[in-house]
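A short worksheet on the structure shown next.
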2 protein chains.
Amino acid sequence: MSDLNQDQWFTEVFDSHGSAFALRISEKLLDVQSDYQHLEVYATETYGNLMVLDGCVMLTDRDNFLYHEMIAHPALFTHEDPKRVVIIGGGDCGTLKEVLRHEGVEKVTQIDIDEEVTKAAERFFPSLVESNNDPRAELLFADGVKWVDDAEDESIDVLIIDSTDPVGPAEGLFKTDFLKRCHRILKPGGVLVQQSESPLYHSGSIIRELRSDMQAAGFESVATLPFPQPVYPSGWWSVTLAGKGASVERFREEAATGHEMPLQYYTVEAHRGALALPPFMRAAFA
Amino acid sequence: MSDLNQDQWFTEVFDSHGSAFALRISEKLLDVQSDYQHLEVYATETYGNLMVLDGCVMLTDRDNFLYHEMIAHPALFTHEDPKRVVIIGGGDCGTLKEVLRHEGVEKVTQIDIDEEVTKAAERFFPSLVESNNDPRAELLFADGVKWVDDAEDESIDVLIIDSTDPVGPAEGLFKTDFLKRCHRILKPGGVLVQQSESPLYHSGSIIRELRSDMQAAGFESVATLPFPQPVYPSGWWSVTLAGKGASVERFREEAATGHEMPLQYYTVEAHRGALALPPFMRAAFA
């Protein structure tokens, strides 16, 4: 056993699951209390820069490709022809960058409540913001729930809820009521995707409830896709897709094979494998 | 940031990768210095019992199914008709239990150098040893390298190297020379499988070298399969399969679908998905 000196390590304790993850840091680069949350950026020794919100690891240079590819590409390859995409949250702009790789996408609006997150990404995570000047991208700093309420009926193809955990500012994004409002603004055939926590820790709680809430909100088809994510609790994470009059258990496999995007994790086979679900997750959802 | 009190947490620091993982413990159940290694068992708050060798997490009740299913079933469903199986290491008996689920298997010999590991499993991980009295199982406590040298030419169908990391007692198990000796005792069509560390940390080092060593040892076909493993460094792990005159890039999909084993992680789709490899791993191996 060894103690971790808090001057040299950033440690996140997952209290309710009795585990902790730590990264060795060389320098604190930013410490801001925004109107919404406590934002820190560290230089780590081996994971590049690290962004932390309210004490929770959000992303590192080294492994954010996993989360960002898996929240974007399964949803976009599931929709038949995604043109109009909305991202609620996602202020680090990594999801936006992945969405913009799809040439058929005509407009992406990102609505994050906290501009400080995007400012921090611009300063310390330049690779994540490199598509922000794409003419198809619109960045808003506002309340995503209100934005959804103001949006027209059936106006969106893909809605991505790229939020923090269901505590703090993002709590309202994990409720049936909000999912119903999202359902309203999706076109028929529309796809919603939401980050949905750890397969190991949350299959029988948060994920199961989210799936049930999605169905209650009117989505006929729901699919949870697990994927590795070393810096998140348990090192294993998930997104959950929901389809409005469209199945999210199949996807455009030909397009997902034939593209020329420089992806690092997502493949057709990874998508199919994730859709199949480990039996213990299937049992938890039954 | 928070300090982890060493009376309440077991912490493993992955020094060369600047990360650490910790589990909250309620009690130390065992502390033995065997002839080969330092063996500890803890009761954790949320992961059940935890086994530690030389300071490295070996397994917990909660998530060992991932590793044990993935070191056993891909290899056994890849071999055309596995009857004679050998496990080098694997003293916790979890791999043995998975292998014995295959009804066609006629004999499994497990050779671990350290009987204390098996004694600890018998006391503190009863679910792992529940198949040890199967008449097809043979448990030996001896030097696995010597056992391989003494074995007859072309006498084994599947050889599983279920070792600790390539430092300490298991270092010799990661060398071309040992892999050549393994190749000798495998029948034509035989399959070797070895745990091969973290996709994120080791794709460009240990895994690439192991794949190259396997090819140098005479194996014509090599495949690395990644899978989640929360308690191992980076929460993401891998096994690497090698075929002697047989491809390890295909497997008996029908048998892998039609079985009635109560598995928690392994599925045909997970196997296929793992075989496809994330592009960043393919690039690291090229």
Side-chain angles (χ1 to χ4, degrees), chain A residues 1-7 9-13 15-25 40 44-47 52 55 62-63 65-66 198-201 226-236 262-281 283, chain B residues 1-7 9-13 15-25 40 44-47 52 55 62-63 65-66 198-201 226-236 262-281 283:
Chain A
M1 289 203 298
S2 104
D3 243 15
L4 299 182
N5 180 326
Q6 65 177 7
D7 291 338
W9 291 85
F10 173 83
T11 303
E12 181 178 352
V13 176
D15 203 54
S16 56
H17 292 279
S19 67
F21 179 73
L23 290 172
R24 196 158 47 211
I25 53 179
E40 298 161 280
T44 73
E45 234 179 58
T46 57
Y47 275 71
V52 176
R62 186 172 186 179
D63 74 342
F65 68 93
L66 294 158
S198 162
L200 191 71
Y201 291 169
F227 57 90
Q229 186 61 61
V231 299
Y232 283 1
S234 83
W236 199 9
L263 306 186
Q264 295 183 75
Y265 179 74
Y266 178 86
T267 58
V268 167
E269 295 85 357
H271 191 156
R272 280 197 214 116
L275 276 173
L277 281 186
F280 87 93
M281 293 181 73
Chain B
M1 289 201 300
S2 102
D3 243 16
L4 299 181
N5 179 325
Q6 65 178 6
D7 291 337
W9 291 84
F10 173 82
T11 304
E12 181 179 351
V13 177
D15 203 54
S16 55
H17 292 279
S19 67
F21 179 74
L23 289 171
R24 196 159 46 213
I25 53 179
E40 297 161 279
T44 73
E45 232 179 59
T46 58
Y47 274 71
V52 176
R62 186 171 187 179
D63 74 341
F65 68 92
L66 295 158
S198 163
L200 191 71
Y201 292 170
F227 57 91
Q229 186 59 63
V231 300
Y232 284 0
S234 84
W236 199 10
L263 306 186
Q264 297 184 74
Y265 179 75
Y266 178 87
T267 58
V268 167
E269 295 85 357
H271 191 155
R272 280 197 214 116
L275 276 173
L277 281 186
F280 87 93
M281 292 181 73

So what's closer than 4.5 Å to chain A heavy atoms on B:F65: side chain, backbone, both or neither?
side chain
May I ask you to name which of B:A22, B:G273, B:A270 has the most heavy-atom pairs under 4.5 Å with chain A?
B:A22
I'd like to check A:T11 versus B:W9 (side-chain heavy atoms, cut-off strictly below 4.5 Å). Are they in contact?
no
Greatest number of heavy atom pairs closer than 4.5 Å to chain A - which of B:P278, B:G18, B:S198:
B:G18
Between A:R62 and B:Y201, the two heavy atoms sitting closest are NH2-CD2, 3.5 Å
How many angstroms lie between atom CD of A:Q229 and atom CG of B:L200, to the nearest 0.5 angstrom?
9.5 Å
Is B:L275 in contact with chain A via its backbone, its side chain, both, or neither, using a 4.5 Å heavy-atom distance?
neither
Name the option with the most non-hydrogen atom pairs under 4.5 Å to chain A; the candidates are B:G55, B:P279, B:S16.
B:P279
Could you tell me if the side chain of A:D63 sits less than 4.5 Å from the side chain of B:W236, heavy atoms only?
no
Heavy-atom cut-off 4.5 Å, strictly under: side chain, backbone, both or neither for B:S234 against chain A?
both
Under 4.5 Å from any heavy atom of chain B, what part of A:Y47 do you find: side chain, backbone, both or neither?
side chain
Could you tell me the separation between the OG1 atom of A:T44 and the NE2 atom of B:H17, rounded to the nearest 0.5 Å?
13.0 Å
Heavy-atom pairs under 4.5 Å with chain A: which of B:G235, B:A20, B:P262 has the most?
B:A20
Looking at A:A276 and B:E269, what are the two nearest heavy atoms and their distance?
CB-CB, 3.2 Å
